[in-house]
Amino acid sequence: MNQSTAREILVTSALPYANGPIHLGHLLGYIQADIWVAFQKLCGVTCHYICADDAHGTAIMLKATELGITPEQLIAQVQTEHLKDFTEFDVRFDCYHSTHSEENKLLSEQFYQRNLTAGYIKSQMITQLFDEAKQLFLADRYVKGQCPRCKATDQYGDNCEVCGATYSATELLNPISTLSGQPPILKASEQLFFDLPQFQEALSNWLQSGSLQPEIANKLREWFASGLKPWDISREAPYFGFKIPGYDHKYFYVWLDAPIGYLASFKKLCAQRSDLDFDHYWQPHSSTEIYHFIGKDIVSFHGLFWPALLLGADYRWPTALNVHGFITINGQKMSKSRGTFITARSYLNYLNPAYLRYYFAAKLTPKVDDFDLNFDDFTARVNADLVGKWINIASRCAKFINQFFDHQLSPNNAAPELLQMCQNAQTSIAEAYQQRDFSRAIREIMALADQTNQYIDQEKPWILMKQTDEAARVQDICTVGLNSFRLLTLYLKPVLPSLATEIETFLNIAPLQWVDSKTLLFNHKINLFQPLLQRIDAKQIQQLMDPAS
RNA sequence: GGGCCUGUAGCUCAGUUGGUUAGAGCAGAGGACUCAUAAUCCUUUGGUCGUAGGUUCAAGUCCUACCGGGCCUACCA
């Protein structure tokens, strides 16, 4: 690949909110993006993976108050925990920042100023519910009352869970603030709106760009058809966030500065790296690629507001949104009351993160479908595929090489057809990774593992070993097995980086790169095989699912 | 209420632009082997593709309705 066509990629994952722990639902998205990035890097592509904590908003302000600490203390604590969780799950960000940062403050103000100058920001008086006791304007989720249509009680301020009606919080009957328990009053204030309708035409190009999954393009088309509305980007004090320039008591709404946090995080990375230029990635018509990995719940922010804001501030558009579905646990929504709310930390208390990364990979496709984490299937799949098929190849072959051949691989290729097939699979597996069709990649890898086990079974080295004149043949056969194992390890490396590293040590080889699929290993001394992965015990799952855990 | 997505063997999933007897892995059954973390190998039983209609020479694949699940509906992030 020559200089002019070399890919340069920036990947982001959705920013986790800094008021709670990372859970398995979060992890699905981060691990999906991490695998994709790891694959790019293995191929030698320039690829940066960034993220940050989403640290602003009313919820964080209230949570800090509740804990008797400052918001700054809260978000610092949470960020440390988030980063620890990600690291232990082998999610390797090139930069993990916070939206409550100097970079983000400057960029948010710049986005605002540029959009203001271009005529995309408008001010308007609106009337909202106000909690006099707490001196706060109330977001929909902080108001409960009776549905104006079906009269159901205890409904939140945006829609009715009983009859499905949508309405504005001011229409609720007998509204109550969930913060103070007092009825709110109506209060008028001036708010700033981002004038989304002006981007109608530009966004229709975005829709037709082909860089959105079909399901997502449909969804956007729907919002489009019902008419774009101006977006309220300001919030009244008290609020935890950035003050809007020119106003004493107004702050940017958290969802304005959250996606800008992508740029802030990248800016920080650029400051640390002399080879990186911020503008090269973000200026209009940049030749670089930018991908946002997000969940389907935040498509509106990334599919409508975000491209419009970028355009209004004279930045380029993302190359694509890669949207994933929600996770369910044993077919049920993840929820605390159902006992299916599993945090990253509680998982780590009982299970190896490699299991989860593998299971996610084994079932992830480029589609937006929800993902069911079925623990029976999880156990069967991990044990059968990873331990029974893949690791087993090393285990059964290394025994002979270690014990009878002084750890030395044979100089001969006794099964050129099998190994050629394993090498050729590189093309198709790479294509699957590239398209985020990880499940297809895993299917192909495991099919190769099956064929390798079949080969060993046909050759029966354990029988040949008893015939004194066939020893060299045994060395040949096991060398084939370990060569296959090396290739399979390379193909699994984006998914299982830590295991791959341990295996590189076992095989006594340099860190595997994708181009290493073109080579084989002969006449080479390996190290003593040691068990690399334990099978999952059903008891571990029981402990994890135990509500007390 | 409106909209988007989704429903294939016991479980988890593939099924390319509609085209011969609907596939895989796991689980189950029978057998082989014993090098390997009770791993592996061979053979094999399971499906009127959510339901009911329709279009077509031909439908899991297209259309309609209904049933179940998920999500969105812009101020929870």
Side-chain angles (χ1 to χ4, degrees), chain A residues 14-20 54 56-60 126 128-129 137-143 149-150 156-160 163-166 168-169 191 196 213-223 225-226 228-232 235 253-255 258 295-301 304-305 325-326 328 331-333 359 362-363 365 367-370 372-374 376-381 383-385 387-389 391-400 403 439-440 442-443 446-447 450 453-465 474 477-478 481 529 531-535:
Chain A
L15 313 185
Y17 201 52
N19 76 336
D54 180 10
H56 289 154
T58 308
I60 283 173
I126 59 165
Q128 296 168 278
L129 296 175
F137 282 99
L138 295 168
D140 288 353
R141 69 167 298 192
Y142 297 120
V143 188
R149 190 169 74 186
C150 77
Y156 283 103
D158 51 352
N159 68 77
C160 173
C163 74
T166 57
S168 99
Q191 297 301 331
L196 194 63
Q213 291 140 295
E215 304 95 315
I216 301 306
N218 278 346
K219 191 67 210 173
L220 258 34
R221 214 163 274 132
E222 178 198 332
W223 282 317
S226 61
L228 301 180
K229 294 180 282 185
W231 182 41
D232 187 351
R235 293 294 181 276
Y253 173 42
V254 54
W255 259 113
K296 65 180 179 181
D297 53 331
I298 53 175
V299 166
S300 65
F301 297 104
L304 291 178
F305 305 139
F326 268 45
T328 55
Q332 293 202 297
K333 266 201 275 192
Y359 191 67
K363 289 175 67 170
T365 71
K367 295 198 280 190
V368 193
D369 299 346
D370 284 347
D372 186 43
L373 172 46
N374 177 293
D376 290 335
D377 185 55
F378 170 84
T379 305
R381 194 80 191 256
N383 289 348
D385 289 0
V387 185
K389 292 179 180 180
I391 298 287
N392 183 236
I393 294 169
S395 182
R396 68 197 306 199
C397 291
K399 156 83 184 294
F400 293 107
Q403 192 172 331
S439 76
R440 205 186 91 209
I442 296 297
R443 272 201 305 281
M446 286 306 143
D450 283 342
N453 275 311
Q454 285 162 26
Y455 165 79
I456 297 165
D457 205 74
Q458 281 159 16
E459 299 298 327
K460 298 181 175 40
W462 56 92
I463 289 179
L464 296 176
M465 203 58 226
V474 171
I477 294 161
C478 294
F529 177 82
L532 294 157
L533 192 67
Q534 300 306 313
R535 47 189 57 244

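Naming convention: chains lettered A, B, ... in sequence-line order (proteins, then strands); numbering from 1 in each chain. Every heavy atom of this structure was used, including side-chain atoms; hydrogens, water molecules and symmetry mates were not.
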For a quick check of understanding: with a heavy-atom distance under 4.0 Å over all strands, which category does [X] fall into, base, sugar-phosphate or nothing?
{"X": "A/Asp297", "result": "base"}
{"X": "A/Gly57", "result": "nothing"}
{"X": "A/Leu15", "result": "nothing"}
{"X": "A/Leu532", "result": "base"}
{"X": "A/Lys389", "result": "sugar-phosphate"}
{"X": "A/Asn453", "result": "sugar-phosphate"}
{"X": "A/Glu215", "result": "sugar-phosphate"}
{"X": "A/Pro531", "result": "base"}
{"X": "A/Ile60", "result": "nothing"}
{"X": "A/Lys399", "result": "sugar-phosphate"}
{"X": "A/Ile442", "result": "nothing"}
{"X": "A/Ile391", "result": "base"}
{"X": "A/Val254", "result": "sugar-phosphate"}
{"X": "A/Asn19", "result": "nothing"}

Look at the rings of A/Tyr359 and A/Phe378 and say which category their plane angle falls in: under 30° parallel, 30 to 60° tilted, over 60° perpendicular.
->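 A/Tyr359 vs A/Phe378 ring planes: perpendicular.
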
Going by the angle between their ring planes, with limits at 30° and 60°, are A/Phe305 and A/Trp231 parallel, tilted or perpendicular?
-> parallel

Does [N] have its OP1 or OP2 closer than 4.0 Å to a side-chain nitrogen or oxygen of [X]?
{"X": "A/Trp231", "N": "B/C75", "value": "yes"}
{"X": "A/Arg535", "N": "B/A39", "value": "yes"}
{"X": "A/Gln458", "N": "B/C41", "value": "no"}
{"X": "A/Lys460", "N": "B/U40", "value": "no"}
{"X": "A/Asn218", "N": "B/G3", "value": "no"}

Work out how far the [atom1] atom of [N] is from that of [M], and round it to whole angstrom.
{"N": "B/G30", "M": "B/U21", "atom1": "P", "result": "33 Å"}
{"N": "B/U56", "M": "B/G70", "atom1": "C1'", "result": "33 Å"}
{"N": "B/U44", "M": "B/C26", "atom1": "C1'", "result": "15 Å"}
{"N": "B/G2", "M": "B/A65", "atom1": "P", "result": "11 Å"}
{"N": "B/A36", "M": "B/C41", "atom1": "C1'", "result": "13 Å"}
{"N": "B/C62", "M": "B/G25", "atom1": "C1'", "result": "31 Å"}
{"N": "B/A52", "M": "B/C13", "atom1": "P", "result": "25 Å"}
{"N": "B/A9", "M": "B/A14", "atom1": "P", "result": "13 Å"}

Within this structure, what is the [atom1]-[atom2] distance for the pair [X] and [Y], rounded to the nearest 0.5 Å?
{"X": "A/Glu215", "Y": "A/Lys296", "atom1": "CD", "atom2": "NZ", "value": "10.0 Å"}
{"X": "A/Met446", "Y": "A/Asn453", "atom1": "CE", "atom2": "CG", "value": "10.5 Å"}
{"X": "A/Asn392", "Y": "A/Cys397", "atom1": "CG", "atom2": "SG", "value": "8.5 Å"}
{"X": "A/Leu304", "Y": "A/Lys229", "atom1": "CG", "atom2": "NZ", "value": "11.0 Å"}

Mind running side chain to side chain contact (heavy atoms under 4.5 Å, CB included) on A/Val254 and A/Arg235 for me, showing each step along the way?
-> CA-CA 9 Å; A/Val254 54; A/Arg235 293 294 181 276; over 6 Å; no

A/Phe529 versus A/Ile391: any side-chain heavy-atom pair under 4.5 Å?
->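 Yes, their side chains come closer than 4.5 Å.
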
Any side-chain heavy-atom pair from A/Thr58 and A/Phe137 closer than 4.5 angstrom?
-> no

Considering only side-chain heavy atoms of [X], which listed nucleotide, [options], is closest?
{"X": "A/Phe305", "options": "B/U12, B/C33, B/A74", "result": "B/A74"}
{"X": "A/Arg443", "options": "B/C76, B/C75, B/A14", "result": "B/A14"}
{"X": "A/Lys333", "options": "B/C71, B/A39, B/C41", "result": "B/C71"}
{"X": "A/Gln128", "options": "B/C71, B/C75, B/U37", "result": "B/C75"}
{"X": "A/Asp370", "options": "B/U12, B/C5, B/G70", "result": "B/G70"}
{"X": "A/Lys296", "options": "B/C72, B/C26, B/G70", "result": "B/G70"}
{"X": "A/Phe301", "options": "B/A77, B/C76, B/C72", "result": "B/A77"}
{"X": "A/Lys229", "options": "B/A74, B/C72, B/A39", "result": "B/A74"}
{"X": "A/Leu304", "options": "B/A74, B/A14, B/C13", "result": "B/A74"}

State whether the distance check finds a donor on one side and an acceptor on the other, under 3.5 Å, for side chain [X] versus base [N].
{"X": "A/Lys219", "N": "B/C72", "answer": "yes"}
{"X": "A/Asn374", "N": "B/C11", "answer": "no"}
{"X": "A/Gln454", "N": "B/C42", "answer": "no"}

So, are A/Lys363 and A/Asp372 salt-bridged, with charged N and O less than 4.0 Å apart?
->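 Looking at A/Asp372 together with A/Lys363, the answer is no, because their closest N to O distance does not fall below 4.0 Å.
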
Got a sec, which residues hit salt bridge (Lys or Arg N to Asp or Glu O under 4.0 Å) with A/Asp385, two or more places apart in sequence or on another chain?
-> A/Arg381, A/Lys389

Applying salt bridge (Lys or Arg N to Asp or Glu O under 4.0 Å), name anything that partners A/Lys399, two or more places apart in sequence or on another chain.
-> none

Assign B/G28 to syn or anti; the rule is syn for a glycosidic angle within 90° of 0 and anti otherwise.
->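 Anti conformation here, the glycosidic angle of B/G28 being more than 90° from 0.
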
Could you say whether A/Arg396 or A/Thr365 is positioned toward the 5' end of RNA chain B, judged by the nucleotide with the nearest heavy atom to each?
-> A/Thr365

Please tell me which of A/Phe529 and A/Tyr253 maps to the more 5' nucleotide of RNA chain B, matching each residue to the nucleotide holding its nearest heavy atom.
->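 By nearest-heavy-atom nucleotide position, the 5'-most residue is A/Phe529.
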
In this structure, how many angstroms lie between the [atom2] atom of [N] and the [atom1] atom of [X], rounded?
{"X": "A/Leu373", "N": "B/C11", "atom1": "CG", "atom2": "P", "value": "17 Å"}
{"X": "A/Arg381", "N": "B/G25", "atom1": "CZ", "atom2": "P", "value": "11 Å"}
{"X": "A/Arg440", "N": "B/U16", "atom1": "CZ", "atom2": "P", "value": "13 Å"}

Name the stems that RNA chain B belongs to, where each is three or more consecutive Watson-Crick or G-U pairs with both distances under 3.5 Å?
->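 Looking at RNA chain B, the stems formed by three or more consecutive pairs are B:1-7 with B:67-73, B:10-13 with B:23-26, B:28-32 with B:40-44, B:50-54 with B:62-66.
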
